[in-house]
4 protein chains.
Amino acid sequence: MPHQTLRYAMIGGGQGSWIGEAHRKALALDGTARLVAGCFSSSRERSLAFGLELGLTNESRIYGSAAELAEAEAALGDLKPHFVVICTPNRCHLEQISLLAAKGFPVVCDKPLCETLAEGKQALEALGSGLLALTHCYAGYAMIKEARSLVTKGRLGTLRKVVVEYPQGWLVPEEGKPSMSASSGVSSMVDVGTHAEHLARYVTGLEAKEVFADVSSFVAGAPRTPDDFNVLVRYEGGQRGVLIASQSSSGEQNCLRLRVYGSEGSLDWMQEEPNVLTMRLRDQPVQTLHRGQPYLCEEARSCSRLPPGHPEGYLEAFANIYRSFAAAVLARERGTDLKVDFPTAADGIASLAFVEAVSKSAETGTWVHV
Amino acid sequence: MPHQTLRYAMIGGGQGSWIGEAHRKALALDGTARLVAGCFSSSRERSLAFGLELGLTNESRIYGSAAELAEAEAALGDLKPHFVVICTPNRCHLEQISLLAAKGFPVVCDKPLCETLAEGKQALEALGSGLLALTHCYAGYAMIKEARSLVTKGRLGTLRKVVVEYPQGWLVPEEGKPSMSASSGVSSMVDVGTHAEHLARYVTGLEAKEVFADVSSFVAGAPRTPDDFNVLVRYEGGQRGVLIASQSSSGEQNCLRLRVYGSEGSLDWMQEEPNVLTMRLRDQPVQTLHRGQPYLCEEARSCSRLPPGHPEGYLEAFANIYRSFAAAVLARERGTDLKVDFPTAADGIASLAFVEAVSKSAETGTWVHV
Amino acid sequence: MPHQTLRYAMIGGGQGSWIGEAHRKALALDGTARLVAGCFSSSRERSLAFGLELGLTNESRIYGSAAELAEAEAALGDLKPHFVVICTPNRCHLEQISLLAAKGFPVVCDKPLCETLAEGKQALEALGSGLLALTHCYAGYAMIKEARSLVTKGRLGTLRKVVVEYPQGWLVPEEGKPSMSASSGVSSMVDVGTHAEHLARYVTGLEAKEVFADVSSFVAGAPRTPDDFNVLVRYEGGQRGVLIASQSSSGEQNCLRLRVYGSEGSLDWMQEEPNVLTMRLRDQPVQTLHRGQPYLCEEARSCSRLPPGHPEGYLEAFANIYRSFAAAVLARERGTDLKVDFPTAADGIASLAFVEAVSKSAETGTWVHV
Amino acid sequence: MPHQTLRYAMIGGGQGSWIGEAHRKALALDGTARLVAGCFSSSRERSLAFGLELGLTNESRIYGSAAELAEAEAALGDLKPHFVVICTPNRCHLEQISLLAAKGFPVVCDKPLCETLAEGKQALEALGSGLLALTHCYAGYAMIKEARSLVTKGRLGTLRKVVVEYPQGWLVPEEGKPSMSASSGVSSMVDVGTHAEHLARYVTGLEAKEVFADVSSFVAGAPRTPDDFNVLVRYEGGQRGVLIASQSSSGEQNCLRLRVYGSEGSLDWMQEEPNVLTMRLRDQPVQTLHRGQPYLCEEARSCSRLPPGHPEGYLEAFANIYRSFAAAVLARERGTDLKVDFPTAADGIASLAFVEAVSKSAETGTWVHV
């Protein structure tokens, strides 16, 4: 069967949006889908200019609002996009998901699902049985698939503890200037913390029961948005967790790291060196597993493109999310349902519930149920 | 100016060729060019099947021979490909370069340029003033650009020594089975050694004057192809070098590493961790430079796609070669000439001269002029 | 002035005590002091046997109780030990410190100072103006001196956050067997947590204001002693901290790590690779500083024995504590007072106060003042 | 049986000699032997002053010449040293070994054995059946014992290749000043190359058959002493080797590294991180073995002092050589002969033969038999 390139439209992700560019490159890398329409700015003019720059040739498919796009593209019949990607500010997600779902479009939404848990629940309702992928891209790394598989197989014994950290420094502004995140009013718990929360949950399968959080705003600026979160977690099964999410960690780059401890050993993965996974089993040499090797689980091997020692990176991880999502879209079109492996709206809800519990704990100084 | 996606055709790179896939993905990643024609196998049937699988829809542009492709595509006028990519066995390169050059096609050729220096010189002649890029993809890494810039700026002082190693193990077969390389009769000096030779030359600008080589065949099989090369190098300026190229290094993956020593310090880069470059200056803390950071040189920054800490890999390096080449192709079409930064046929000639000197040295047990 | 080797006596540290052996080796390494007397076991017989094994020749100076030792050694005039080392279980420290202080002996006490804060305060009172060193040996590493100096010089800008972790796994027993620590009833907060707490305080100079803790016992056994502590810290100056102390982290060895974040950058040090210190300053290459190099501060250089690249380890760090203490002992004998750089009884009190606040927080589920 | 501390005398190792201090500390660390006599300088006055500084109290045992020391100490009967340590310039070794051997003293000699192979052979003859240890201290690391054991057990399959490098930079002077080594006229092949040669031989058991060398003097100064050696090696069994020994590698510290390749995998050890050994077996996760762990071979475990994760360093490796030697000395005194594990005069001869073959190859530009 020939490889089938799908069609997609994009909302947001215009001039200066590096994450929009990341979505497009991740889709192009594997030829998973090609861009056929978009609304890249709330200014019709800028949207048009950017769409042309991206190589769209049919000007009538470049829109000035998400509503127009949803309306017009849904009417195209066989030519309509297979799915629509949302790369807009978080506050727009609910409305756009609702618009697209109403027209029956499968949706890919950049994380977080919405701004608040309440909104998230509305989005879930609007979505109904529709497909939605949330781009928690770090879950797309091959070695994260392997980590998950090792945990599932019980290689670590009984799980005890999860330490997940996401200290970031590359957005920290010079003293006295607002940070990119701070200026946009998005707390670091939402911006990077949800990635950390999702990654821990994806690999371990553990559900957070309650959290205790200490929250700070270190970077000066107005409004002061919380940029440093230190969170203690208690999981349903009695396991413990520590989650650190910070965007005021000067000197760091993008240092997401996950450690999982069990009675028999531990796993350690760092996003900045994503092609390796370290497993430390009691009384054994430390094992470093490498992407592309034959000893990996089927899932890790199948989302790898290059031979061992030829580094894959962030875009491949991102592309893996899209590959899974595209397979689900095609299966849905064929009337079957695929057991999906991509972050869903339910994952988004779980993350938002976690975020709200964190905020409430910081306010009350108490353990808060998630 | 809107982004212009070029058109390309491919010769070779069919079913089972991972390097053909790497070329296609590297081109797709940035939307540098889209595939419009190809000859993917010397079997017309298999070529057709594979072309369709790749999404080519015009069957008439899927060929059973390179000659046909060159002839027919050249006749297409404005729709003809902007360039043609060669991913065939080395022994076919000369003929195919000649065919394409005769029709005026810019060519991208997987390394090495040809099987022998003599062939390489013929190819150079056939090429005339035509454009050719050789995909020494490792030269495309951003941190290699930085390394080159640091050497050029004199940060290491007077150069003294180059140590470049390329021990590979992932193709080593189980004892008693021929290796993939061995079975194809390509020596490891050609297969991986030319990458090492090119990388050292690219970063340092040093020209090898003479070499002394020790060559072995460790992996059993018939024919026994040399799979281990240890080479001493003397450069024109009196610098010294050590080059190790091996495909019998069991346990290694793809461990290309370059170290450059000067009077004031040294540089160290490893392909398996390509986002960092280590600089050790005398009496100073060791510096680790990271891709994406503002302190890098313009060239390193400009061939970077993602923020710091979001790993790029092999495909991005590969894509950087294509970006430069595409810019040169467009400039040529506009009648200007761009100062190019991609490996050329001249680089291919230099590598083949090096390879021949290595072989001769191994035979004679003497220093041999390059 | 000739090097003066002091005399010391030891209480505890007998057969099977690796920490007693570490004390002795650390003292021998630099010839700081030689063992002249001891009480190595509460069994007189075993004490004698072990003392002879250690090379003590005068049987009358090998004792069966700390009280005897203190009494008899104090009576020896010019031959009496310059100081006495305590390597006994924590519950014995108070009594032994009191005995020795009463006789005017300077004391070296293995950490923690005592079992409880109340005891610690009694010990401090008993000590009066006497000298006491607490062997928080990790503070003795040269690169920790450098870290402290860099913080003091303001290289990190305004301090924001401290992350100190001490996950240990080498004492984790097989499932179902009590751990060495658990069986001795010492919580991991006391055993490894005090090291972490001290290290963070030593390097940053920050005083903990309040703590919030989550405490678990993962390793089965009776009595179940807490073996996993996750602690949030608020410092006097508004800085935040995370402290992890665990002895149920299967797969880990002795992975004490300290990170300090400030507005301008961060420091990172790992005990298992103690000869290096990593400094990450915003928008600059990451710097790795190495022991023995000329660019280090005077204090780091002065407690280094070997040229760069010749690794020093745990015993050298331990020996550095002893060197400072010995200098203070000699200064005291000469009637002067040296500005000391070794952990003191006051440090021990601060640690015990921290430990108590942690316990209280875990019980109450609230922030607790230290 | 009580621990027996031996007595030793030292020749050389006076004021400013860091290696003399390393010998003394290595002996003190384990209480292996205590200094009882010495000749620390060819100036009687300086020898006396330094001996007193070291804590020697009997002035009559501090000498102004090696001959005096040998004569007088041999006459002391039961009080005479169990062995004598030589830390003098290489040119003095032959005479001093001869003097000491004539008096029946076991000898520890800092490497190399002598200045030339001819001298080495004379020393061997003078030594007769006497004991001599050569302090190739790097062979004393626990993980090197493990490496040797793994090779011996056949874990790497059939050996193919050895890559041993010793690039050093910490002695490189500023441009225009002679290096410490250069000024003393000792080539880097002797100074660091013999360590590399010995280490490779110790771990693999391979005997070099012939060598080809390229030699340079990069650091300016008079006399210009070779400071950069790149050597190809052919072993008796057909294996290949690359040896790099350099003291003009600016930016490096003391970066001795050994890699051994076999048909089934490879070993990798770096002196600057001596507590770990990396084993890469084909198609398996990379294994990192750690000092102090139960899975190590008996020999590696027995020369380890501290629990896992408590780093040991250079002095412990040095001390391990001394431990083995002391055991051999004691065995000899008891009239038995111990199977020794320390570098001997025969090892010194092998190294000097290698050095001479390297020099001859560099002069003749041909392969030279060792």
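Within every chain, numbering begins at 1; the chains are lettered A, B, ... in the order of the sequence lines, protein sequences first and strands thereafter.
No more than 12 heavy atoms of other residues, nucleotides or ligands sit less than 6.0 Å from atom CZ of B:R155.
Here the closest non-hydrogen pair linking D:R240 and B:V215 is NH2-O, 4.2 Å.
Counting heavy-atom pairs under 4.5 Å between each of B:S246, B:G238, B:S266, B:G365 and chain D puts B:S266 at the top. Each of D:R259, D:Q284, D:Q239 has some count of heavy-atom pairs under 4.5 Å with chain B, and the biggest count is that of D:R259.
The ring pair (Phe, Tyr, Trp, His ring centres under 6.0 Å) analysis of residues 260-288 of chain D, with sequence neighbours excluded, yields the pairs D:Y141-D:W269.
Using a 4.5 Å cut-off on side-chain heavy atoms (C-beta onward), B:H195 and B:S351 make no contact.
Interface remark: D:I244 contributes side-chain atoms only to the contact with chain B (heavy atom separation under 4.5 Å). With a 4.5 Å cut-off on non-hydrogen atoms, D:V260 does not touch chain B at all. Contacts of D:D228 with chain B are made by side-chain atoms alone, with heavy-atom separations under 4.5 Å and no backbone atom involved. In this structure, the portion of D:E165 lying under 4.5 Å from any heavy atom of chain B is its side chain and not its backbone. Only the side chain of B:V163 comes within less than 4.5 Å of a heavy atom of chain D; its backbone N, CA, C and O stay farther away.
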Going through the checks in order, is the side chain to side chain contact (heavy atoms under 4.5 Å, CB included) test met by D:F354 and D:V233? CA-CA 10 Å; D:F354 191 93; D:V233 187; 3.9 Å; yes

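When atom types are taken as modelled, the side chain of B:Q271 and the backbone of B:N254 share a donor-acceptor pair closer than 3.5 angstrom.
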